[in-house]
Amino acid sequence: MKLGKKKPRRRHTDDPSKECFSLKFDLNVDINTEIVPAMKKKTLREVLGPVFERNGIELSRVDLFLDQSNTPLSLHFEAYRFGGHYLKVKARPGDELKVAQGVKDFRSHSLPIMKPPDGQSPYILTPTKEKVAHESLGRRESIDLL
């Protein structure tokens, strides 16, 4: 008696054209889990490049693992094959501090620098001396606006 092969269960969607996989970051910095489209004819490098760039992570310093596996995945694999699975991102041995520092540096560079104009506090509003008159509106309508 021959048993047929079971298909892997799809976890995110029933529509194969919109297949995705979850990317979990197992690094020393707090990065949220991301849902990434598992596109056909695209490699993991092509699909994950923008995600890693957005988080300040160098692809050469991390390894990808499928679900509970301990064998790193090649970035040349087709991304579509991993639809419905979890991929774990771990720093390569010896690169843990460099990856964490790279993410922190990237975040600090991406934040805007807020300087208050003229040495004033940005949280204190100064009232203007002019009153705004709505002459086209009657008294009753202007009260409704407030």
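Because only heavy atoms are used, hydrogens play no part in the values below, and waters and symmetry mates are left out as well, while side chains stay in. In this text, all values refer to a predicted model and were calculated from it rather than measured experimentally.
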Any chance you could measure Phe21, atom CZ, to Asp67, atom CG, to the nearest 0.5 Å?
11.5 Å

Establish, for the pair Lys90 and Phe65, whether the NZ or CZ atom is under 6.0 angstrom from the six-membered ring centre and no further than 45 degrees off its axis.
yes

Quick one: pull up CZ in Phe77 and OG1 in Thr43 and give me the separation to the nearest 0.5 Å.
11.5 Å

Report yes if the side chains of Asn32 and Phe25 come closer than 4.5 Å at any heavy-atom pair, otherwise no.
no

Separation of Leu59 CG from Arg45 CZ (nearest 0.5 Å):
6.0 Å

Do Leu66 and Thr71 make a side-chain contact, defined as non-hydrogen atoms from C-beta onward lying under 4.5 Å apart?
no

Report the residues that fulfil side chain to side chain donor-acceptor pair (under 3.5 Å) with Arg81, sequence neighbours left out, ordered by chain and then residue number.
none

Distance col, row Ile31:CD1 vs Lys24:NZ, nearest 0.5 angstrom, shows 14.5 Å

Could you list the residues that satisfy salt bridge (charged side-chain N to carboxylate O under 4.0 Å, His left out) with Glu58, not counting sequence neighbours?
Arg61

Within the 4.5 Å heavy-atom criterion, are Glu78 and Lys40 side-chain neighbours or not?
yes

Sidechain N-carboxylate O distance under 4.0 Å for Asp63, Arg92:
yes

Out of curiosity, Cys20 SG to Phe82 CZ, how far, rounded to the nearest 0.5 Å?
15.0 Å

Sorted by chain and number, sequence neighbours left out, side chain to side chain contact (heavy atoms under 4.5 Å, CB included) with Pro37 holds for Met39

State whether the side chain of Glu19 and the backbone N or O of Gly84 hold a donor-acceptor pair below 3.5 Å, judged by distance alone.
yes

With rounding to the nearest 0.5 angstrom, report the CG to CG distance, Asn55 to Leu27.
9.0 Å

Taking side chain as C-beta onward, heavy atoms only, is Leu23 less than 4.5 Å from Val89?
yes

